[in-house]
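Notes to accompany the following structure.
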Amino acid sequence: MPGDVQVRPIEGRGDVSKFIKLPFRLHKDSERWVPPLIMERREFLSPKKNPYYEHADVQLFLAERDGEPVGRISAQVDSRWDEFQGGKDGIFGFFETDDDPEVAKALLDTAAAWLKERGRERMIGPMDFTTNDECGVLVDGFDQPAMILEPWHPPYYGPMFEANGYGKAMDLWMWRLEMGDLAEGTQFHPMIHAAAQKVEGEHGVTIRNMNKKDLLNEVRAFTNVYNEAWGDNWGFVPITDEEAKFQAKNLKPVLDESWCFIAERDGQVLGAAVTLPDINQVLVKMNGRLFPTGWWKFLTGRRKIDRVRVFALGVLPEYQHLGIAASFYIRHIENTDPDGIMWGHTGWILETNKPMNSAMEGMGGEVVKTYRIYEKDL
C-alpha cells in the first residue's frame, strides 16, 4: 500500500527542478498538454530574476508519497494585489496532481494554512502568479489545443477544488476566431468596419507595427496603455516597469512585429495590440529543452505555425470611442494568409465583460474554452 502524503516547502535548486518537472510525468500520456521550456520556467520561479518577488511573499510546496513527488502548489501574498484589489486575499497557483483526492486536499490545506498564518482571510486562484500570467483552471474545452499562455488541465482539477469547499469567483472565456471567414466578410459585423474606417481619416490616428529594435520604449508605451485600459477589470493588478521588461525579454523570441500594433496621434500612444504566434506548436516537439536539438526544432518549426493568440489588446479609456480597437481587428484580418495563419484565440475575457464579449460575437467568434478562478474563505 502506498504511504501517507507529505507536503513540504521546497528547498534548493533540486526541489525547484522537481517542482518544474512534475507535470512532465503527470501529463506525459496527454495529447493536449504541451511541455514548457524548463529554462524559462526556472527563470520565472527565480526570486533573483522575476520582479514579482519584489512585492510578493511566495512559498512553493511539493507533495510526496514514499519520497516521490505526486503534487505541487504555490501560495503567495502579494502587496500589490492588496493595494489594487483590497481585502486580505491569499493567492494559490501552479496546482498539479495525480487524480488523487488525498493529494489535492493535502496541497490545498497546506497552502491555506500558510496563508492563514499570514493574516489572509480568503484564498483565491489558481494564478501563476497573477492574472497577468497564466491563471484559472480549465473547466470546459478539454478537447482544444493548449496554446501559448493557455495551459491544459485534466478534467478532474475543477471538481477537486469544489470537493474541498472552493466556489467560483470568476470565469474567463477564450474565443476562437476563424480569420478566413472574417476576411471574406461572411461573419464580420459591418459596424466594426465602419468604426475602423474613421480612425485614420476622421480622427487622425495612425496604426503602425511595433518595432522590436526599439523594444524597451515600445514596452514602456504598451505598459502604460495596458495598465490604464485594464485598470477597472476584476482581478487586475497593474504591472510594474520591471515586470514588463521581464515579460518582454521572455516573449521577444516569439514576438512577430507584423502581429503587434501601436495606435498613435501627435506622438501619443493611444492603444496597443500584441498577438503572439502559437509557439506551443513548436514546443510540443521539444520536451522542454533547447539542447541538443530543441533550438533547431524551434527555428525551423516557427515557419509552420498556423494559429495565433491575442496577448493583449487595449485602448486608453478616454480614446475608446475613436474606433481604434475596431481598426486593430481589421489589421488582424489583413494579416491572414491562406498558406499560413488563418485562425486564433483571443486572450481571455471576463464572463462579465459584456462589451468585449459582444464584440467577439459580432466578429463571428465562438467561446471554446473556459478557465475558472476559485475562492474560499479561510
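Heavy atoms from other residues, nucleotides or ligands lying under 6.0 Å from CG of D214 number more than 12. No more than 12 heavy atoms of other residues, nucleotides or ligands shown are found within 6.0 angstrom of CD on E31. Around the CD atom of E117, the shell of radius 6.0 Å holds more than 12 heavy atoms that belong to other residues, nucleotides or ligands. Under a cut-off of 6.0 angstrom, the local environment of CG in D143 is crowded, with over 12 non-hydrogen atoms contributed by other residues, nucleotides or ligands.
Contact check on R208 versus E218 returns a salt bridge, with a Lys/Arg side-chain nitrogen under 4.0 Å from an Asp/Glu carboxylate oxygen. The pair E351-K168 meets the salt-bridge criterion, with a side-chain N (NZ, NE, NH1 or NH2) lying under 4.0 Å from an Asp/Glu carboxylate O. Ion pairing between a basic and an acidic side chain is recognised when a charged N comes within 4.0 Å of a carboxylate O; R8 and D15 show such pairing. Taking a cutoff of 4.0 Å between a charged side-chain nitrogen and a carboxylate oxygen, R120 and D82 qualify as a salt bridge.
By the ring-ring contact (aromatic ring centres under 6.0 Å, His included) test, F261 is found to be paired with H332, residues two or more places apart in sequence or in another chain being considered. In this view, F161 and F92, F95, Y374 satisfy the ring-ring contact (aromatic ring centres under 6.0 Å, His included) rule, not counting sequence neighbours. Considering only residues two or more places apart in sequence or on other chains, Y53 meets the ring-ring contact (aromatic ring centres under 6.0 Å, His included) condition with F129. The side chain to side chain donor-acceptor pair (under 3.5 Å) check on K105 picks up D109, with sequence neighbours excluded. Applying the ring-ring contact (aromatic ring centres under 6.0 Å, His included) criterion to F24, with sequence neighbours excluded, gives W33.
Geometric assessment of R72 against the ring of F19 yields a positive cation-pi assignment under the 6.0 Å and 45° thresholds.
Contact annotation: the side chain of Y329 never approaches that of L177 to less than 4.5 Å [non-hydrogen atoms, C-beta and beyond]. Contact annotation: the side chain of D100 never approaches that of V70 to less than 4.5 Å [non-hydrogen atoms, C-beta and beyond]. In this structure the side chain of E243 reaches within 4.5 angstrom of the side chain of H55, judged on heavy atoms.
In terms of hydrophobic clustering, with Ile, Leu, Val, Met, Phe, Trp and Tyr side chains grouped at heavy-atom distances under 4.5 Å, W348 and W175 are assigned to different clusters. Both V237 and Y52 are assigned to one and the same hydrophobic cluster, defined by single-linkage of ILVMFWY side chains at heavy-atom distances under 4.5 Å. A continuous path of Ile, Leu, Val, Met, Phe, Trp and Tyr side chains, each step under 4.5 Å between heavy atoms, connects I10 with I38, placing both in one hydrophobic cluster. Clustering ILVMFWY residues whenever any of their side-chain heavy atoms sit less than 4.5 angstrom apart, transitively, puts Y319 in the very cluster that holds V205. Criterion: ILVMFWY side-chain heavy atoms under 4.5 Å apart, direct or through other members. Under it, F44 and L255 are not part of a common hydrophobic cluster.
Residue pairs meeting the side chain to side chain donor-acceptor pair (under 3.5 Å) criterion with at least one partner in residues 83-96, sequence neighbours excluded, are H27-E96, W81-D89, D89-R122, E96-Y157.
A donor-acceptor contact closer than 3.5 angstrom is absent between the side chains of E242 and T240. With hydrogens and angles left out, the side-chain atoms of T130 and R80 include no donor and acceptor closer than 3.5 Å.
Taking both residues in full, the closest heavy atoms of L107 and A63 are given as CD2-CB, 3.7 Å, listed atom of the first, atom of the second, then distance.
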